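The block underneath contains the structure these notes are about, expressed in structure tokens.
These numbers come from a predicted model, not from an experiment. As a basis for the values below, the full set of heavy atoms in this structure was taken, side chains included, without hydrogen atoms, waters or symmetry mates.
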Amino acid sequence: MDYLLHNDQLTINASTNAAQLQSLRRNDANFEYIFQGFPDFWGWQTPTLFPHCGRLEDDYMEIDGKRYDSKQHGFARHSIFEAEDVTDDAITFLLTENDETLQSFPYHFELRIGYQLDGNKVRVKYSVKNTNDGEMSFSIGAHPAFNVPLAPGETFEDYQLTFDSTDEVNTYGIGEGNLIHDTTGKPVKLANRPLTRDQFKDGLELFELRDQTVTVGLENSDRSHGLRLNTNGFPYVGIWSPYPTDATFVCIEPWFGLPDVANGNHDFVKKAGNLSLASGETFDAEFILEPF
């Protein structure tokens, strides 16, 4: 089921199907900011990655010595959520464990994904509650795809990737098998760069932000329109577009988590980048979208 929300500046459409944001528009412009999900390029729009970000080596994890098979990015993006607390300008979706999720993730949980319109911004909210008797290990992230270009007559190469910081961060190249092969990473300084197809030939580029909050943008050449994403405390952000294709979108992906390291031991509880919650505890996070 789809829900249309609005305020005096923005209109969004959100769905119980994977709790995805399916449309984001400014009321004063005819731009659709969200990729509309053409399967020839990519079948999703703004999926949530849970209970893990990226690929598990050999597509499985081990918890308490037992094997659990799980495909890339986990089951949340394949799940139907329940809508909670719907208002004109905010909505929360809920997913809890079920027979299917327990086959790949042996934990009881409450996962909430919320969208709140706040002036010219959308606040995307995550909440994970551990409803088990013991600790729960997990990771969570976002994979939103944003249309590039936005306006008729523009091209992909008319846009640039922007950062509001010039600090040095670590980057991880996600190599063969969509796994991390070099755990030391590579230090780079954040800097604005023009978009090119070739920058995506090696796959996802993952930035380790540590304690920084960075605003990442996709902006046209004169910076008169585009979209900015504020990571708001997420420790990693990925940049991805499928290669080699003429896909008309770029993903900006804030993550609390990492793909598996190649030749690891499959121990999910000790997985690098994972979060841990004690029984009854809740983890909350949000990032912010600003179309302009």
Could you point out which residue of Glu154, Glu219, Arg26 forms a side-chain hydrogen bond (donor to acceptor under 3.5 Å, both in side chains) with His225? Glu154
Considering residues, nucleotides and ligands other than Glu168, do more than 12 of their heavy atoms fall under 6.0 Å from its CD? yes
Output the distance between atom OG (Ser139) and atom CG (Leu49), rounded to the nearest 0.5 Å. 8.0 Å
So does Gly134 get a backbone contact from the side chain of Asn130, meaning a donor-acceptor N/O pair under 3.5 Å? yes
Do Asp133 and Ser279 have a side chain donor and acceptor closer than 3.5 Å? no
Less than 3.5 Å apart, any donor N or O on the side chain of Tyr159 or Ser221 sitting next to an acceptor on the other? no
Does the pair Thr162 and Asn192 meet the rule for a side chain to side chain donor-acceptor pair (under 3.5 Å), with working shown? CA-CA 4 Å; Thr162 64; Asn192 297 350; 4.8 Å; no
Pair Ser70, Asp59 - check side chain to side chain donor-acceptor pair (under 3.5 Å), show working. CA-CA 5 Å; Ser70 184; Asp59 292 325; over 6 Å; no
For Asn220, is there any backbone N or O sitting under 3.5 Å from a side-chain donor or acceptor partner on Asp158? no
Ring centroid separation for Trp44 and His73, is it under 6.0 angstrom? no
Going only through I, L, V, M, F, W and Y residues with side-chain contacts under 4.5 Å, is there a path from Ile239 to Leu258? no
Heavy-atom closest pair, residues Leu10 and Pro291: CD2-CG, 3.7 Å
Determine whether a donor-acceptor pair (N or O, by modelled atom type, separation under 3.5 Å) exists between the side chain of Asp164 and the backbone of Thr215. yes
Can the ring centres of His52 and Trp255 be said to be less than 6.0 Å apart? no
Given the rule that I, L, V, M, F, W and Y join up when any side-chain heavy atoms are under 4.5 Å apart, are Phe200 and Tyr236 in one cluster? no
Using side chain to side chain donor-acceptor pair (under 3.5 Å), reason through Tyr243 and Gln199 one step at a time and then give a plain yes or no. CA-CA 9 Å; Tyr243 179 92; Gln199 77 185 72; over 6 Å; no
Roughly how far apart are Glu290 CD and Leu229 CG, rounded to 0.5 Å? 10.5 Å
Tell me whether Ile252 is reachable from Leu209 by hopping between hydrophobic residues (I, L, V, M, F, W, Y) whose side-chain heavy atoms are closer than 4.5 Å. yes
No-hydrogen, no-angle side-chain donor-acceptor test under 3.5 Å, Ser224 and Asp222: yes
hydrophobic_cluster_shared for Phe283 and Val269, side chain cutoff 4.5 Å: yes
Where does the angle between the aromatic ring planes of Tyr60 and His266 fall among parallel (under 30°), tilted (30 to 60°) and perpendicular (over 60°)? parallel
Phe292 ring centre to Arg228 NZ or CZ under 6.0 Å, with the angle to the axis within 45°? yes
Residue pair Pro106 / Ile63: nearest heavy atoms and the distance that separates them: CD-CD1, 3.5 Å
Only one of Phe109, Phe81, Phe256 passes ring-ring contact (aromatic ring centres under 6.0 Å, His included) with Phe50; say which it is. Phe109
Which of these, Gln212, Glu208, Lys189, sits in a side chain to side chain contact (heavy atoms under 4.5 Å, CB included) with Val169? Gln212
Give a yes/no verdict on a cation-pi contact between Arg123 and Phe287, requiring under 6.0 Å between NZ or CZ and the six-membered ring centre and an angle within 45° of the axis. no
How long is the gap from OH on Tyr107 to CG on Leu277, to the nearest 0.5 Å? 11.0 Å
Is there a donor-acceptor pair under 3.5 Å between the side chain of Asp118 and the backbone N or O of Lys121? no
Run Gln22 and Asp2 through side-chain contact (heavy atoms from CB on, under 4.5 Å) and show every step you take. CA-CA 9 Å; Gln22 295 186 320; Asp2 295 348; 3.3 Å; yes
To the nearest 0.5 Å, atom CE of Met61 lies from atom CG of Asn265 at 13.5 Å
Take Glu205 and Thr171 through the test side chain to side chain donor-acceptor pair (under 3.5 Å) and record every step on the way to the result. CA-CA 7 Å; Glu205 184 175 16; Thr171 63; 4.9 Å; no
Aromatic ring pairing Tyr115/Phe93, orientation class (parallel under 30°, perpendicular over 60°, tilted between): perpendicular
From Cys53 atom SG to Ile140 atom CD1, the distance as rounded to the nearest 0.5 Å: 7.5 Å
Without swapping roles, check the side chain of Arg197 against the backbone of Ala247 for a donor-acceptor pair under 3.5 Å. yes
ILVMFWY network linking Leu206 to Leu195, side-chain heavy atoms under 4.5 angstrom: no
Going by the angle between their ring planes, with limits at 30° and 60°, are Phe249 and Trp240 parallel, tilted or perpendicular? tilted
Any donor-acceptor pair under 3.5 Å from Thr213 side chain to Thr231 backbone: no
Give the intermediate values and the outcome of side-chain contact (heavy atoms from CB on, under 4.5 Å) for residues Phe31 and Leu227. CA-CA 11 Å; Phe31 296 146; Leu227 179 136; over 6 Å; no
Given the rule in the side-chain contact (heavy atoms from CB on, under 4.5 Å) test, do Arg193 and Gln160 qualify, once you have shown the distances and angles that lead to the verdict? CA-CA 6 Å; Arg193 63 176 83 162; Gln160 58 185 313; over 6 Å; no
Short side-chain donor-acceptor distance under 3.5 Å, Glu135 and Ser276: yes
According to the salt bridge (charged side-chain N to carboxylate O under 4.0 Å, His left out) rule, which pairs have a member within residues 79-98, sequence neighbours left out? Glu84-Arg112
Got a sec: does the CG of Asn98 have more than 12 other heavy atoms crowding it under 6.0 Å? yes
Give me the atom names and distance for the closest heavy-atom approach of Gly119 to Asn7. O-ND2, 3.0 Å
Report yes or no: does Tyr172 contribute a side-chain atom to a donor-acceptor pair with the main-chain N or O of Pro259 at less than 3.5 Å? no
Keeping the roles fixed (side chain from Asn147, backbone from Pro149), state whether a donor-acceptor pair exists under 3.5 Å. no
Determine the interplanar angle of the Phe41 and Phe35 rings, folded into 0 to 90°, and report it as parallel if under 30°, tilted if 30 to 60°, perpendicular if over 60°. tilted
For Ala262, is there any backbone N or O sitting under 3.5 Å from a side-chain donor or acceptor partner on Glu57? no
Verify the neighbour count for atom CG of Asp28: are there more than 12 heavy atoms of other residues, nucleotides or ligands below 6.0 Å? yes
Let me see the working for Leu21 and Ile34 under side-chain contact (heavy atoms from CB on, under 4.5 Å), right down to the final yes or no. CA-CA 8 Å; Leu21 183 64; Ile34 302 297; 4.1 Å; yes
Quick one: list whatever passes ring-ring contact (aromatic ring centres under 6.0 Å, His included) with Phe163, sequence neighbours left out. Phe207
How many angstroms lie between CG in Asp260 and CG in Leu179, if you round to the nearest 0.5 Å? 6.5 Å
Would you find a donor on one side and an acceptor on the other, under 3.5 Å apart, between the side chain of Glu281 and the backbone of Lys129? no
